[in-house]
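The figures here come from the full heavy-atom set of this structure, side chains too, leaving out hydrogens, waters and symmetry mates.
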Amino acid sequence: MVHAGARAVLIALLVAMPALFLAERSQDGAQIIALVALVAALLTFVEYVGDYPSIIEFRDAPPFNRIRFLALLFTVLTLTLIGRGETHPSSLSLLFEHVGSGVGNLLDFPYSPVRLMVLVATDEMTPRQIDMMRTGAGLSYLVSLVAITSFIFMVRVLDWPVRRGAFNFWINLPLFDPAVGKDVLYRLKRDGKVNVALGFLLPFLIPAIMKMATEIIDPISLTEPQTLIWTMSAWAFLPASLIMRGIALMRIAELIEEKRRRAYEQADLQAV
């Protein structure tokens, strides 16, 4: 219960962080953020306090969810500090802005995800606001790449997830029914490849969808600091999360295939 409560508090702080640091002026907006933080904390607590799984995958296979949470937390925190630096500059906010600006300029080349996100900027945005978009896009994309690389290191070098013990398929993949459809090995490999491919394409597709949506409906205002923070965080975090999930599913497929091969070899030896 203590661990579940700690996770719930961390999730609530993550959701409320931009509003707390940037001093939400609208009372309605503050109430909505408080409600979302409370709901997110409650769902997290209920999920982790129970013995049986519900919707969160890889609940008992750390550090999969920890890497994702830390990546999102660092992204939101750094972008929030940069946004706060516009009115209350500090050495830390200036440092993050300098790093983000450098990474953004480095990744801002033709047809790159950062360039496509910068092209979402509307005509009424000032050059400073466009620079902030580039900085946020570069920094969030860098964090997502670091998260993916860290997880690949955990899988290939540290032998995730079996290094800490046996992998419980039911607890860690509650939404995956192995008794439905084709062979579980085929479905795991297929779903893993689809997740990786979709995660690779999303950083390119999301800006294009946002740009096309501006022709149909009123676009969201990226001039608002909180809107910019959550847009950039979601744009980088969702693809990284999908890629990590795809890598995890393919790793589980490898473990099942290896276990089947050992079982077949043992059966052959017993037959001889």
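Residues Phe151 and Val143 are members of separate hydrophobic clusters, defined by side-chain heavy-atom contacts under 4.5 angstrom among Ile, Leu, Val, Met, Phe, Trp and Tyr. Ile56 and Phe176 are assigned to two separate hydrophobic clusters, defined by single-linkage of ILVMFWY side chains at heavy-atom distances under 4.5 Å. Phe200 and Ile148 are not part of a single hydrophobic cluster, where members link through side-chain heavy atoms under 4.5 Å apart. At a threshold of 4.5 Å between side-chain heavy atoms, the hydrophobic network of Ile, Leu, Val, Met, Phe, Trp and Tyr places Tyr141 and Ile152 in two separate groups. Hydrophobic clustering places Trp235 together with Leu202 (ILVMFWY residues linked when any side-chain heavy atoms are closer than 4.5 Å, directly or through intermediates).
A heavy-atom distance below 4.5 Å is not found between the side chains of Arg84 and Ser93. You'll find the side chain of Phe69 reaches within 4.5 Å of the side chain of Leu14, heavy atoms only. For the pair Met210 and Ile206, the minimum side-chain heavy-atom distance is below 4.5 Å. Here the side chains of Leu255 and Pro161 are in contact, with some heavy-atom distance below 4.5 Å. Looking at heavy atoms from C-beta onward, Met117 lies out of side-chain contact with Asp108 at the 4.5 angstrom threshold. Looking only at side-chain heavy atoms (C-beta outward), Ile82 and Leu139 come within less than 4.5 Å of each other. The shortest distance between side-chain heavy atoms of Pro63 and Met154 falls below 4.5 Å. For the pair Leu22/Ile229, a side-chain contact is recorded, criterion being any heavy-atom separation below 4.5 Å from C-beta on.
Pro18 and Val76 get closest at one heavy-atom pair: CG-CG1, 3.7 Å. Val184 and Arg260 make their closest contact through CG1-NH2, 3.5 Å (heavy atoms, listed as atom of the first residue, atom of the second, distance). The shortest heavy-atom contact between Thr75 and Ser233 is CG2-OG, 3.5 Å. The two atoms that bring Pro113 and Pro207 nearest to each other are O-CG, 4.5 Å, heavy atoms only. When all heavy atoms of Gly199 and Pro239 are compared, the pair lying nearest together is O-CB, 3.1 Å. Taking each heavy atom of Arg59 and Gly50 in turn, the nearest pair found is NH1-O, 3.2 Å.
Salt bridge status for Arg261 with Glu257: absent, with no side-chain N to carboxylate O gap under 4.0 Å. Electrostatic pairing of Asp131 and Arg134 counts as a salt bridge here, judged by a charged N lying under 4.0 Å from a carboxylate O.
Each salt bridge (charged side-chain N to carboxylate O under 4.0 Å, His left out) pair with one or both residues in residues 149-158, not counting sequence neighbours, appears once here: Arg156-Glu254.
Classification of the Trp160-Phe58 ring pair by plane angle, with boundaries at 30° and 60°, yields tilted. Using the six-membered ring where Trp is involved, Phe169 and Phe167 have ring planes that are perpendicular, over 60° apart on the 30 and 60° scheme.
At least one donor-acceptor pair closer than 3.5 Å links the side chain of Asn65 to the backbone N or O of Glu57. One N or O on the side chain of Ser112 and one on the backbone of Leu107 form a donor-acceptor pair closer than 3.5 Å. Although no hydrogens or angles enter the test, the distance criterion places a donor-acceptor pair under 3.5 Å between the side chain of Lys211 and the main chain of Leu119.
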When you look at Lys189 and Leu185, which way does the side chain to side chain contact (heavy atoms under 4.5 Å, CB included) test go after all the steps? CA-CA 6 Å; Lys189 290 182 177 180; Leu185 195 61; 4.2 Å; yes

For side chain to side chain contact (heavy atoms under 4.5 Å, CB included), just list the numbers for Leu173 and Leu249, CA-CA rounded to whole Å, side-chain angles, deciding distance to a tenth of an Å, and then say yes or no. CA-CA 9 Å; Leu173 291 171; Leu249 291 178; 4.0 Å; yes

Side chain to side chain contact (heavy atoms under 4.5 Å, CB included) for Met250 and Val196? Distances and angles first, verdict last. CA-CA 10 Å; Met250 288 189 286; Val196 171; 3.7 Å; yes

Does the pair Leu81 and His88 meet the rule for a side chain to side chain contact (heavy atoms under 4.5 Å, CB included), with working shown? CA-CA 9 Å; Leu81 290 176; His88 301 83; over 6 Å; no

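Atom CG of Leu77 is separated from atom CZ of Phe21 by 6.0 Å, given to the nearest 0.5 angstrom. Between Arg190 atom CZ and Asn195 atom CG the span is 10.5 Å, to the nearest 0.5 Å. Here Thr223 contributes atom OG1 and Ile130 contributes atom CD1; the two are 11.5 Å apart, rounded to the nearest 0.5 Å. With values rounded to the nearest 0.5 angstrom, Leu198 atom CG is found 7.5 Å from Leu205 atom CG. Note: Gln226 CD to Leu79 CG = 12.5 Å, rounded to the nearest 0.5 Å. In this structure, CD1 in Ile11 is found 12.5 Å from CG in Leu42, a value given to the nearest 0.5 Å.
Ser241 pairs by the side-chain hydrogen bond (donor to acceptor under 3.5 Å, both in side chains) definition with Arg68, not counting sequence neighbours.
Cation-pi geometry between Arg7 and Tyr48 is satisfied (NZ or CZ under 6.0 Å from the ring centre, within 45° of the ring normal).
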